[in-house]
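Structure record follows, encoded as structure tokens.
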Amino acid sequence: METTNEKRYEKAQKRVEALKGFYAHLMVYTAVIILLIVLNIYTTAFPWVLFPALGWGFGLLAHGLDAHQYNPFLGKDWEARKIEELMKKDSF
């Protein structure tokens, strides 16, 4: 059986990995969008760069919300409450 400190350490380690992944995603997004902006400026007057910036930006936003454990739709600790509810329902 794992101790409480080991569980907390593993949870913190997973959170750090999620944050690291988000920041890597953010850096790649920034670099690619800057390159696309430069390419857009030198190729055409139509601002086509907005389409990939917004599309990828929504994905990046979702990744950031997940990495920072913010879920406006299900609320804080929703998963734990739902598991508890289902366990109570299943015990009868």
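All values derive from a computational prediction rather than experimental measurement.
The 12-atom threshold is not exceeded at CZ of R8, counting heavy atoms of other residues, nucleotides or ligands nearer than 6.0 Å.
Rounding to the nearest 0.5 Å gives a distance of 9.5 Å between CG of L65 and CG of L60. The CD atom of E10 sits 7.5 Å away from atom CD of Q13, with the distance rounded to the nearest 0.5 Å.
Inter-residue side-chain proximity for Y29 and H63 is flagged as unmet; no heavy-atom pair is nearer than 4.5 Å. Residues I33 and I37 have side chains in contact (heavy-atom distance under 4.5 Å, counting atoms from C-beta outward).
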Discussion item. Between E17 and K14, does the salt bridge (Lys or Arg N to Asp or Glu O under 4.0 Å) criterion hold? Intermediate values first, please.
Written reply: CA-CA 5 Å; E17 288 298 319; K14 287 180 185 178; over 6 Å; no
Review point. Between E85 and K88, does a salt bridge (Lys or Arg N to Asp or Glu O under 4.0 Å) hold up when you go through it step by step?
Key: CA-CA 5 Å; E85 174 190 328; K88 284 180 183 177; over 6 Å; no
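Grouping the Ile, Leu, Val, Met, Phe, Trp and Tyr side chains by contacts below 4.5 angstrom, directly or via other members, places M27 apart from L19. L36 is not connected to V38 by any chain of hydrophobic side-chain contacts under 4.5 Å among Ile, Leu, Val, Met, Phe, Trp and Tyr, and they are in different clusters.
For the ring pair (Phe, Tyr, Trp, His ring centres under 6.0 Å) test, residues two or more places apart in sequence or in another chain that qualify with H68 are F22.
Partner T30 forms a side-chain contact (heavy atoms from CB on, under 4.5 Å) with one of V32, L26, V28 and no other, that one being L26.
A ring pair (Phe, Tyr, Trp, His ring centres under 6.0 Å) check over residues 30-50, counting only residues at least two apart or in different chains, returns nothing.
The shortest heavy-atom contact between A18 and A67 is O-CB, 3.7 Å.
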